[in-house]
Number of protein chains: 2
Amino acid sequence: MFSKACEYGIRAAVYVALQSLEGRRVSVNEIAEEIDSPVAFTAKILQQLTRSKVIHSVKGPTGGFEIERTDMDTVKLSMIVHAIDGDNIYVGCGLGLKECNAKKPCPLHDKFVAIRTDLKKMLESTSLYELATGLEVGLTYLKR
Amino acid sequence: MFSKACEYGIRAAVYVALQSLEGRRVSVNEIAEEIDSPVAFTAKILQQLTRSKVIHSVKGPTGGFEIERTDMDTVKLSMIVHAIDGDNIYVGCGLGLKECNAKKPCPLHDKFVAIRTDLKKMLESTSLYELATGLEVGLTYLKR
DNA sequence: TATAATTCGGACAAAATTATCCTTTATTTT
DNA sequence: AAAATAAAGGATAATTTTGTCCGAATTATA
């Protein structure tokens, strides 16, 4: 569904949010360690998330990644996915046809659009805060 | 969503079904031409579909690919996807965690499972015949 | 029986994705 | 000011996916 990069990106963002709720700023090394991802690759992904304003980075000693409490509400899963995978998930025909639309639909068009609309709704309505708080309360898990 | 190979595979299978409804057996060249896909790569995919009994192949002159009318009903989209992409779509955590299940769910678990269940239902309930007949009647399109 | 048409199968090539390494830049602390 | 720490960025490598090529096997037809 998501690319590996996107999976790491979501996990990383959720971890940053969780730690920011505790008032902690976290380093790439800690993030990669905690979400069980390759460090250098994760660093690249964090750069993308920083450039697209999903999280915030600070250089130098005591630096690292963080996200403000209010941003945890405005940042939706859809933004993270878009920052890393672009609009691949939203755009295009399920069967890979260039010209596929309501007027000239592929055989799977309607059924595919239905699923994708649900996915889109889900991504657009799920905030980083929502994901982080489940972890905080111990309802959900990120490691392994 | 699906891999390129899978997209080609579905389009190819639907085209074979459509032509079989007309009593025609079709060659790799014709299929690739009609569904606008790379010939040699399509040949590989047709081999997979043949091995997994989604379609039937005949060697030699007048040979080609075909599918029996009754099989168009039993062959569901899910079988094609499984033959080419394996169980990637069905199995595994949305965030790529190895251990993610109802007991120890990742933060996205429930929402992800919901979407995937819908996708699964759609794939398992959509037959090749259904896809082919839309084309036949001119309601849907495969080219381009 | 020879020829031609077709799928099958293996080896290879190109492109995209995933992943690593190392240097530079910014910033805090000593 | 120097040293140390952490992100940023560029170059490169490994792996997977996508795609090509070519010879072998099969079979209908002349």
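Heavy-atom basis, side chains included; hydrogens, waters and symmetry copies ignored. Convention: sequence-line order gives letters A, B, ...; per-chain numbering from 1.
Dashed line: the shortest gap from a side-chain N or O of A:Thr50 to OP1 or OP2 of D:dA7 is not under 4.0 Å. Note on A:Tyr8: every side-chain N or O is 4.0 Å or more away from OP1 and OP2 of C:dT18. Phosphate proximity of D:dG9 to A:Gln47: present, with a side-chain N or O under 4.0 Å from OP1 or OP2. Using a 4.0 Å cut-off, some side-chain N or O of B:Arg51 falls inside it from OP1 or OP2 of C:dG9.
Minimum atom distance to the side chain of A:Lys59 is reached by D:dA7, of the listed C:dC21, C:dA5, D:dA7. Proximity note for B:Ser27 (side chain, C-beta onward) versus C:dT7, C:dT20, C:dA19: the nearest is C:dT7. In this structure, of D:dA7, D:dT18, C:dC8, it is C:dC8 that holds the atom nearest to the side chain of B:Phe65. The A:Pro61 side chain lies nearest to C:dT27 when the options are D:dG19, C:dA19, C:dT27. Checking C:dT18, C:dT20, D:dT20 against every side-chain atom of B:Phe41, the shortest atom distance belongs to D:dT20. Here C:dC8 is the nucleotide among C:dT28, C:dC8, D:dG9 with the atom lying nearest to any side-chain atom of B:Ser57.
Across the interface with DNA chain C, nearest-nucleotide mapping of B:Val28 and A:Val58 shows B:Val28 to be the residue nearer the 5′ end. The 5' end of DNA chain C is approached more closely, in terms of each residue's nearest nucleotide, by B:Gly64 than by the other of A:Lys44 and B:Gly64. Each of B:Asp85 and B:Gly60 has a nearest nucleotide on DNA chain D; the 5'-most of these lies closest to B:Asp85.
Ring-plane geometry between B:Tyr8 and B:Phe41 is classed as perpendicular, the angle between the planes exceeding 60 degrees on a 0 to 90 degree scale with a lower cut at 30.
Nearest heavy atom pair, residue A:Leu108 against residue B:Leu77, reads CD1-CD2, 3.3 Å.
Between B:His82 and B:Met79, every side-chain heavy-atom pair lies at or beyond the 4.5 Å cut-off.
Atom-to-atom, CZ of B:Arg25 to P of D:dT27 comes out at 11 Å; the value is rounded to the nearest Å.
Side-chain heavy atoms closer than 4.5 Å link hydrophobic residues (I, L, V, M, F, W, Y) into clusters, and following such links, even through other members, never connects A:Val14 to A:Tyr141.
Checked for salt-bridge contact, B:Glu66 and B:Arg25 meet the test: a charged N lies under 4.0 Å from a carboxylate O.
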